[in-house]
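Every chain is numbered from 1 and lettered A, B, ... according to where its sequence line falls, protein lines coming before strand lines.
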Amino acid sequence: MEEYSHKKIEQKWQERWREADLFKTDKKDESKEKFYILDMFTYPSGSGLHMGHTEQGAATDTLYRFHRMNGKNVLHPQGFDSFGLPAENYAIKTGIHPKESTNIAIETFRGQMNILGLAYDFTGDVTTSKPSYYKWTQWIFGKFFENGLVYKKVSKVNWCSSCNTVIANEQVVNGACDRCDTEIEQKEVPGFFFKITDFADDLITDLDKVDWPEHTIKNQRNWIGKSEGAYIDFKIKNTDSKLKVFTTRPDTIFGATYMVLAPEHPLVKELKEKIENYDEVSAYVNSSQKKTELERMEGKEKTGVELKGIKAINPAREKSQMDNTLIPVFISDYVLAGYGTGAIMAVPAHDERDWDFADEFKLQKVCVIKPYSFEESKSGSQRNLIDFDKASVEQQQEILDGKICHNRKGVLMGSGQFNEMDSEKAKKAISKFVGGKISSNYRLRDWSISRQRYWGCPIPIVYSPEGEAKFVGEENLPWLLPDDVDFIPTGEAPLTKSKELKERVEKLFGKGWTPEFDTMDTFVDSSWYFLRYPDSENDKDFSSAEMLKKWMPVDLYIGGAEHTYMHLLYARFFVKAMKKMGLLDFDEPFKKLRHQGMVNDQTGKKMSKSKGNVVAPDDMVERFGADSTRMYMLFASPLEDDILWNETNIVGLYRFLEKVWKQSEKITNTENPEAKKIIHKTIKKVGSDTENLCFNTAISEMMKCVNFISKQETVNKEDFLSFLEILSPYAPHVSEELYEKIGGKGFLVEQKWPEYDAALTVDDLVTLGVQVNGKKRCEIDISPDASQEEAEQVAKKDGCLDKWIAGGIKKVVYVPGRILNFVV
RNA sequence: GCCGGAGUGGCGGAAUUGGUAGACGCGCACGACUCAAAAUCGUGUUCCUUCGGGAGUGGGAGUUCGAUUCUCCCCUCCGGCACCA
């Protein structure tokens, strides 16, 4: 027999699969249970497929083949998230149109996926930059617009001077652009926003409905950041103005000794006439506006300016006719314009940041929440005092006496008692007392979707001569991205250069009408693509209700953990918003989610083009074949763990496949009961491991099986065919080749996953560890359902225990099939 | 600082509800084959050892007949977030 050579067989089978159109799913087939398995679709970068894609593809492809063999109608589609900055930046550099470079990149990706033997269904060409796709992105935008989920506002945005565009908060990493690392500046830009905050509560509570990794759920919850508190109005003395604050600690309001506004707060301008030191104030406003968020964060020391001539009235103290009712008002950049109301009541005794600010400006601290007593704080675990035990004896006494509020700095942060009332109860009582409104506030902000870029989905909005925004209308979709622009960034949206676009608008809507020049954030494109696959060729609808009902939600979604916040949150928001508009009838898009780990280089560093440590799958496929490459990616570590790339390990998988190949020479029609037993055990284990995404242990089990067979003279043909069937999701090419060679019919992926004979997977005898005082001293071979008496007898007869149990046995613990333990 | 996750041989990693720690693979060593090498096959491979044993899953306590697994404290590494009122 010829030797195993991946080069001779892999291309052959890839061609045969293609000729048979083997991986196109019959989406209307009602005879089988559906299973929708989805890879996070691919951004077609110029550098091609990397090993991370390879691991993800190997995993989902293995699962695709496995579930298909198990009688399910499996949808396993792939598409391209092809709008976005890199292609545009490339165009700026080279002059090559993004359309062209994107198409080339997509061809490269498809080619690479093909040589890996990945069974993707590309039907319908789900490529976000194609008009047939973005027509529906725009259609959905139109629905959002008509239903009041889109609004336009001028806002301070993160501006990347290098990309010359707006960057979402979520895309700012440590104050720098997450794509080019340029430091972000603040700039006022008008743009469209999606009202994702309307769905904040549902986005939190519905996390209970999904089977996602625990940490992903927690992180999403924290990202949305719900906090319970109250909105309370503070009057400004001698004016009609009111200052609204949000606080999670209304119980501390009696201790509010000053107020702080964000420098951008509108009240600063509103009270201009009354502010005695307006010059100083506006200088501070200007300087903080020049600061980026990074710079604001850097200076931990508190800065600010008092609004002289302005006093706020502490409503609680006023109502109680107490002293210290009038409190000063400051502006400071430690208060953020974008969170809460952009203003706070400052309670230095119970908030560390307020404490620091009060120290800086010599402001009064009033302690109004008393810690629980020492005993109470000890027993009521999380009630209170962070550092009580580390305080000196005198300090501890003062705390107990309620004389000081104390933690690290002197701030009592947690709850305690307000007068004799638990501060949790006091929150409600005091809110009511001062006319506050109990409410929730979220860290989540609305989603800014406007981008002053070329290579994105055009926002299908036009403006009347009066400046009113209007959706272009369904009949004008797709609202095409014009070609007559050049991409050199000027700080203005590139589409302003398009003559065609302006003419198009005037022709359709009349003279004086103007187009919107911005394009959409690419996260919009990727927020609904999974809805398109079930009906990807539909040109009447984004996806038909019938197909959505059949296929959604996605049964298993696999992709990187880096999408925990943005993509996964936005996609969930889309589904909720579309459900509210009656376009969908389910709550959550992804029933089960798993992340694949990162593939790092040998030193544990992330692979990146700039570091020059990227390994391309092509090279691996050339040398070891697609089967070995795929299996190595799955064998190296559990799916969710990171992989340290170590090329030398791949030879183990190649040797394994070589060994499988050799066993096919031993095939006979006679039975080999021992080999049969092992094969049936392997079928069982590989089946359950694959189902549970434990690919590494499934592969190890197949290795053990082949190691066993390699020591046998013969192996039964039917048994070996079964083995090839379970191997085929992992190593499809070599399995097909051997299957054909020994007379298998059809393609392996069309076969039924073999059944195992349960009786064959149970051993007559097991090796049982015999322990003395929990330490293993010898082993006995015994039936797994032997009685304790039998087991003891066998163990004692063995003799090896004699010297350990000579002193007499106190107790015996016996777990059949597991352990026999003598306690002496 | 806060929130996650993880620490097991030379390396990647196994180990159902607490039940024989180190499966499987890489590497390494020795042997067979060979003029020789590669490949392949076989054997061995946690550490220490006076060859009786002893120690051992980041460290320290605890529960248990028995702990990689459960509880408490601590250390280290990785990822994410960060003046969120």
Side-chain angles (χ1 to χ4, degrees), chain A residues 3 173-174 213-219 221-223 225-227 229 245-249 252 260 262 293 296-300 302 332-336 338-347 350-354 356-357 408 441-445 561-562 564-565 597-598 600 602 604 631-632 635-638 640-653 655-656 658-659 662 688 694 696-705 707 710-711 766-780 803 810-824:
Chain A
E3 280 184 10
V173 178
N174 289 329
E214 202 51 41
H215 67 270
T216 306
I217 289 180
K218 278 184 183 155
N219 283 334
R221 229 176 235 134
N222 293 341
W223 186 265
K226 182 174 183 168
S227 50
V245 302
F246 177 76
T247 176
T248 54
R249 294 298 303 275
T252 65
V260 188
E293 274 197 43
R296 279 204 193 186
M297 283 186 291
E298 266 174 355
K300 285 280 180 191
K302 299 282 180 278
S332 171
D333 59 14
Y334 85 93
V335 173
L336 307 176
Y339 186 77
T341 63
I344 60 158
M345 63 175 209
V347 185
H350 303 296
D351 183 283
E352 265 189 67
R353 295 151 304 173
D354 297 346
D356 290 344
F357 191 86
R408 260 181 316 270
N441 193 40
Y442 301 88
R443 179 188 173 279
L444 184 71
R445 299 173 201 177
E562 69 274 19
T564 296
Y565 303 106
M598 287 202 304
N600 298 323
Q602 267 168 305
M631 284 188 95
Y632 172 61
F635 183 65
S637 77
E640 309 215 356
D641 291 5
D642 289 350
I643 292 180
L644 289 185
W645 181 255
N646 185 347
E647 198 184 293
T648 59
N649 287 332
I650 195 173
V651 304
L653 282 302
R655 285 181 197 152
F656 163 69
E658 248 180 340
K659 219 181 228 179
K662 283 182 190 160
S688 62
C694 301
N696 54 336
T697 49
I699 291 170
S700 131
E701 202 65 18
M702 289 189 279
M703 287 174 166
K704 279 193 242 179
C705 181
N707 287 346
S710 70
K711 295 191 179 86
V766 290
T767 305
L768 191 74
V770 181
Q771 302 179 331
V772 177
N773 287 347
K775 256 212 176 331
K776 190 175 108 181
R777 294 303 176 188
C778 70
E779 289 174 348
I780 54 172
K803 63 179 179 186
K810 279 189 204 150
K811 185 180 168 186
V812 180
V813 181
Y814 176 58
V815 183
R818 292 232 180 266
I819 199 80
L820 176 65
N821 187 16
F822 292 95
V823 185
V824 296

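Nucleotides B:rG56 and B:rU46 have their C1' atoms positioned 8 Å apart, rounded to a whole Å. Here, B:rC26 and B:rU40 have their P atoms 9 Å apart, quoted to the whole Å. Only the P atoms considered, B:rC33 is 29 Å distant from B:rA23, to the nearest whole Å. B:rG10 and B:rG22 are spaced 16 Å apart, taking the P atom of each and rounding to whole Å. To the nearest whole angstrom, the two C1' atoms, one in B:rA21 and one in B:rA15, are 7 Å apart. The separation of B:rC70 from B:rG52, taken at their C1' atoms, amounts to 35 Å, rounded to a whole angstrom. The P atoms of B:rC24 and B:rU45 are separated by 12 Å, rounded to the nearest whole Å. Nucleotides B:rG9 and B:rC72 have their P atoms positioned 25 Å apart, rounded to a whole Å.
Heavy atoms of A:Asn696 sit under 4.0 angstrom from primed sugar atoms or phosphate atoms, though from no base atom. Within 4.0 Å of A:Arg221, counting heavy atoms only, lies no atom of the nucleic acid at all. Contact annotation for A:Lys776: base contact, defined as any heavy-atom pair under 4.0 Å involving a base atom. At the heavy-atom level, A:Asn821 lies under 4.0 Å from base atoms of the strands shown.
Remark: P of B:rU40 and NZ of A:Lys659 are 10 Å apart, rounded to the nearest angstrom.
The side-chain heavy atoms of A:Met703 and A:Phe635, taken from C-beta on, include a pair separated by under 4.5 Å. At least one side-chain heavy atom of A:Met598 sits under 4.5 Å from a side-chain heavy atom of A:Asp642.
Between A:Arg443 and the phosphate of B:rA82, there is a side-chain N or O to OP1/OP2 separation shorter than 4.0 Å. Within the structure, a side-chain polar atom (N or O) of A:Asn707 is placed less than 4.0 Å from OP1 or OP2 of B:rG25. A:Arg777 has a side-chain polar atom (N or O) that falls below the 4.0 Å cut-off from OP1 or OP2 of B:rG54.
Comparing A:Ser227 and A:Thr767 against RNA chain B, the residue whose closest nucleotide sits nearer the 5' end is A:Thr767.
A donor-acceptor distance shorter than 3.5 angstrom exists from the side chain of A:Asn821 to the backbone of A:Gly774, with no hydrogens or angles considered. Side chain of A:Asn773 to main chain of A:Val824: a donor-acceptor pair is present (N/O by atom type, distance under 3.5 Å, no hydrogens or angles).
In terms of polar N and O atoms assigned as donor or acceptor, the side chain of A:Lys810 never comes within less than 3.5 Å of the base of B:rC65 in a complementary pairing. Interface remark: the A:Asn649 side chain does not form any donor-acceptor pair with the B:rC26 base, using a distance-only criterion of under 3.5 Å.
A syn base is found at B:rG9: its glycosidic angle is within 90° of 0. Applying the 90° criterion around 0 to the glycosidic angle, B:rG4 comes out anti.
When distances run from any side-chain atom of A:Arg818 to the nucleotides B:rU17, B:rG13, B:rC83, the shortest one goes to B:rU17. Nearest to the side chain of A:Thr248, among B:rG25, B:rC26, B:rA85, sits B:rA85.
For the residue pair A:Asp354/A:Tyr334, the side-chain donor-acceptor check at 3.5 Å is satisfied.
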